[in-house]
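Everything quoted here is computed from the prediction, not taken from an experiment. Throughout, a chain's letter reflects where its sequence line sits, starting with A, and its residues are numbered from 1.
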Amino acid sequence: MSQLQSLRGMVDLLPVQTRRWQAVEAVARTHFRCAGIEEIRTPLLEVTDLFARGIGEGTDVVGKEMYSFRDRGDRSCTLRPEGTASVVRSVVQHGLLSQGSQKLWYCGPMFRYERPQAGRQRQFHQIGVEWLGVGSARSDAEVIALAWDLLRDLGVSGLELQINSLGTIDDRQRYRAELVAWLQARADRLDPDSQQRLTTNPLRILDSKNPATQQLLAEAPTLLDALSEESSQRFQAVQAYLAQMEIPFRLNTRLVRGLDYYGHTAFEITSDQLGAQATVCGGGRYDGLVQQLGGPATPAVGWALGMERLLLVLEAAAAADPEGAAARLAATRAPDVYLVNRGEQAEAVALVLARQLRAAGVCIELDGSGSAFGKQFKRADRCGARWAAVIGDEEAAEARFLLKPLHNKGEERCLAMADWQMVIDILACDESDITTATQFDQQ
RNA sequence: GCGGGCGUCGCCAAGUGGUUAAGGCAGCGGCUUGUGGCGCCGCUAUUCGGGGGGUCGAAUCCCCUCGCUCGCCCCA
């Protein structure tokens, strides 16, 4: 294929998609506004060291998935693989924490050099929330609720919230030793990958997909049992808050998460509609990160939601229930008026009329083909417009135009060009008649 | 990085060695040079992701390559 095409794992979003994306983003913005969360936008490119220090040198994301290169000034730069490190860097850099706690959200592309598969691309998009300077167990629950409610209002079903506590660094170190000892005694029953991780990253063995390993793990000591009294109580409190909000969750003691900065509450929201990459939203508490990146000791929680995965789930939901909220998100609105025009004079006049009506908020499709009236009407009909406005040489010469209903009752009217504003009233009377097309095209 | 599946028109898709590569959708044009929705007619791939090899002859067989896709690793 010598045809130019997009890079592997980098996909175009065509109008069929952008429609839904915009709808999702709009709902998210509303939720954030109601929760007093403000948007932050940070650069896509950062100094490599930010991610190496923030996410953790030993993680896969840093070890083998970053898009890094040297710029012309010989600085090592990296396309952000996630949002949290950048947000923390920005907040620290601008001293925002001196003004109190920060509730922020962001959205945009992230980059990870991985093999693409269902629900995974090299450029993918996240909507994320970061709360800096809030350390209570209640804030964990509040932040989780935010994600849960957003997904609910989008009309997504079949979701499961899984939570776990990773405790403090001390808790984890103690548990790690305990787990390694226990597994080492049974190393022969572990799959090769897990045996490898016994030395590199033992906690990761917990969420291995190998069935035999999982079976073995069922009897292994759990992180939850290894938590200190304080950590344990904190986690109990988070669960109690979730219960009070009637948000269903499942305790998953194997949930670890691959980024080093997490501690205490960790959670994921998964969908049964996705393939192997079932996590739609993931997050947790990261109390040490701000200080680690040079800021004041500051507790923090947050999550990130994968847009591509969310959209996959949404499409499934819309297909399953064409009347549901998810399907309504993709509703397209046909133009209010299709402007049929033909003839030199008429075309000029039509342009002016279209501009006037657009400025007044009317959605107008101006036919630019110059083809026969019959053709233009055919297109008008097919695009689903409720009205056609018609300007030919006769109308242009007499400074008037026709307004004709296409598939609803109503009279064809002849209006003077100067009375163009009447169109707005005529359309308004027709409002009750709106039928929104809920077509969900397959990708 | 490693494994499996797949690549025929903008989209869906038949064709699995033999003269001109079905069909559907969309698009464009016509029947209908100023009035649509239905219908009918016509047009739209010298070419089957790309390259090479064998064959009298290939989209169909072999090799290489590129791409897509699903899974592993890991994550959203």
Side-chain angles (χ1 to χ4, degrees), chain A residues 1-9 11 14 16 55 58-66 81-84 107-128 147 191-194 196-197 200-201 204 207-210 255-259 262 267-271 274-283 302-313 338 340-343 346 367 369-396 402 404-408 412 441-443:
Chain A
M1 195 63 113
S2 61
Q3 259 267 312
L4 248 29
Q5 61 181 69
S6 60
L7 251 19
R8 162 176 281 169
V11 309
L14 304 178
V16 178
I55 300 171
T59 61
D60 279 20
V61 170
V62 171
K64 56 179 197 185
E65 294 171 3
M66 292 206 299
E82 57 106 50
T84 304
C107 71
M110 307 293 163
F111 303 84
R112 304 228 282 231
Y113 194 91
E114 301 178 89
R115 197 70 183 271
Q117 68 185 72
R120 167 187 296 163
Q121 293 154 208
R122 287 182 173 179
Q123 176 178 331
F124 61 105
H125 300 75
Q126 292 185 330
I127 293 184
D191 60 278
D193 272 337
S194 295
Q196 178 77 34
R197 277 178 293 194
T200 57
N201 197 345
R204 294 238 61 95
D207 59 10
S208 163
K209 280 179 186 163
N210 185 288
L255 180 64
V256 281
R257 306 198 53 73
L259 277 35
Y262 287 113
F267 75 95
E268 284 185 7
I269 298 175
T270 59
S271 164
L274 296 168
Q277 314 303 326
T279 304
V280 179
C281 177
W303 50 254
L305 184 153
M307 276 297 270
E308 283 79 2
R309 291 185 189 174
L310 171 59
L311 269 291
L312 287 173
V313 174
Y338 191 96
V340 171
N341 62 108
R342 183 167 158 84
D367 192 300
S369 68
S371 49
F373 282 89
K375 281 286 167 222
Q376 295 195 39
F377 270 95
K378 200 168 271 190
R379 289 195 202 95
D381 190 65
R382 252 182 313 201
C383 80
R386 288 176 296 135
W387 294 85
V390 185
I391 304 178
D393 287 329
E394 293 169 21
E395 287 81 3
L402 251 54
K404 173 180 172 158
L406 286 174
H407 48 78
N408 47 335
E412 180 171 322
D441 325 36
Q442 297 150 352
Q443 312 206 47

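Rounded to whole Å, the C1' atom of B/rU44 lies 8 Å from the corresponding atom of B/rC28. For the P atoms, the distance linking B/rA45 with B/rU69 amounts to 28 Å, nearest Å. If you take atom C1' in B/rC63 and the same atom in B/rC43, they sit 40 Å apart, rounded to whole Å. Here the separation of B/rU46 from B/rA21, taken at their P atoms, is 10 Å to the nearest Å. Spacing of C1' atoms, B/rC9 relative to B/rU47, comes out at 10 Å, to the nearest Å. Between the C1' atoms of B/rC61 and B/rC56, the separation comes to 16 Å (whole Å). Comparing B/rG7 with B/rU19, their C1' atoms are spaced 27 Å from each other, to the whole Å. Taking the P atom of each, B/rG39 and B/rG24 are spaced 13 Å apart, rounded to whole Å.
Remark: B/rA59 base-pairs with no nucleotide in the shown strands. Criterion, Watson-Crick or G-U wobble with two distances under 3.5 Å. B/rC43: Watson-Crick or G-U partner is B/rG27, with both key distances under 3.5 Å. Applying the Watson-Crick and G-U wobble criteria (two distances, each under 3.5 Å), B/rG3 pairs with B/rC70.
If you measure from atom NZ of A/K375 to atom P of B/rG42, you get 15 Å, rounded to the nearest angstrom. Distance A/F124 CZ to B/rA76 C1': 6 Å, rounded to the nearest Å. Between A/R120 atom CZ and B/rC73 atom P there is a gap of 10 Å when expressed in whole angstrom units. The CH2-P distance, from A/W387 to B/rG36, rounds to 18 Å in whole Å. One interatomic measurement links the two molecules: CG of A/L14 to P of B/rG10, which rounds to 15 Å at whole-angstrom precision. The distance between atom CZ of A/R382 and atom C1' of B/rU35, rounded to the nearest whole Å, is 15 Å. Whole-Å rounding puts the A/L312 CG to B/rC70 P distance at 9 Å. Atom CG of A/L274 and atom C1' of B/rG71 are 15 Å apart (whole Å).
Contact of A/E114 with B/rG1 (side chain to base): no donor-acceptor pair of N or O atoms is detected under 3.5 Å.
Base contact: A/E395 has a heavy atom under 4.0 Å from a base atom. Using a 4.0 Å heavy-atom criterion, one finds that A/E394 contacts the bases of the nucleic acid, with or without backbone contacts as well. Note on A/G128: nothing from the nucleic acid sits closer than 4.0 angstrom, heavy atoms only. In this structure, A/Q376 reaches neither bases nor backbone, as no heavy-atom distance under 4.0 Å exists between it and the strands shown. Nucleic acid contact for A/A118: sugar-phosphate only, since backbone atoms but no base atoms lie under 4.0 Å from a heavy atom of the residue. Within the nucleic acid shown, A/Q196 has no heavy atom closer than 4.0 Å to any nucleic acid atom. Among the protein residues, A/G392 comes within range of the nucleic acid bases, having at least one heavy atom under 4.0 Å from a base atom. At a threshold of 4.0 angstrom between heavy atoms, the contacts of A/L259 are confined to the sugar-phosphate backbone, with no base atom among them.
Closest approach of A/L406 and A/A385 over heavy atoms only: CD1-O, 3.4 Å. Between A/Q121 and A/G9 the shortest heavy-atom distance is CB-O, 3.4 Å. Closest approach of A/F124 and A/P81 over heavy atoms only: CZ-O, 3.8 Å. Nearest heavy-atom pair, A/S369 versus A/S371, reported as atom, atom and distance to 0.1 Å: OG-OG, 2.6 Å.
Shown here is A/F373, whose CZ atom has more than 12 heavy atoms of other residues, nucleotides or ligands within 6.0 Å.
The side-chain heavy atoms of A/M307 and A/C107, taken from C-beta on, include no pair separated by under 4.5 Å. You'll find the side chain of A/T84 reaches within 4.5 Å of the side chain of A/E82, heavy atoms only. In this structure, A/N341 and A/Q376 have side chains that are in contact, with non-hydrogen atoms separated by less than 4.5 Å.
In the model, A/N210 has no side-chain atom that pairs as donor or acceptor with a side-chain atom of A/S208 under 3.5 Å.
Nearest nucleotide to the side chain of A/A372, out of B/rU33, B/rA76, B/rC72: B/rU33.
Take the nearest nucleotide of RNA chain B for A/Q126 and for A/P116: the residue whose nucleotide is more 5' is A/P116. In terms of position on RNA chain B, the residue among A/F373 and A/T279 whose nearest nucleotide sits closer to the 5' end is A/F373.
Close to B/rC72, at under 4.0 Å from its OP1 or OP2, lies a side-chain N or O of A/Q117. Dashed line: the shortest gap from a side-chain N or O of A/K209 to OP1 or OP2 of B/rC72 is under 4.0 Å. Remark: A/R379 is not in phosphate contact with B/rG27, judged by side-chain N or O atoms under 4.0 Å from OP1 or OP2.
Under a 3.5 Å cut-off, the side chain of A/E308 and the backbone N or O of A/H125 do form a donor-acceptor pair. A distance-only check finds a donor-acceptor pair linking the side chain of A/R309 to the backbone of A/G119 [under 3.5 Å]. For A/E395 (side chain) and A/A346 (main-chain N/O), no donor-acceptor pair under 3.5 Å exists by modelled atom type.
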Pairs under 3.5 Å (N/O, protein and nucleotides 2-8 of chain B):
{"residue": "B/rC2", "atom": "N4", "partner": "A/R115", "partner atom": "NH1", "Å": "2.5"}

Give every pair of a protein N or O atom and an N or O atom of nucleotides 37-41 of chain B that lie under 3.5 Å apart, one pair per line with the distance.
{"residue": "B/rG37", "atom": "O4'", "partner": "A/D381", "partner atom": "OD2", "Å": "3.0"}
{"residue": "B/rG37", "atom": "N2", "partner": "A/L406", "partner atom": "O", "Å": "3.3"}

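With A/Y113 as the aromatic partner, A/R122 meets the cation-pi criteria of under 6.0 angstrom to the ring centre and within 45 degrees of the ring axis.
We find that the ring of A/F377 and the base of B/rU35 stack, their centres lying under 5.5 angstrom apart and their planes tilted less than 30°.
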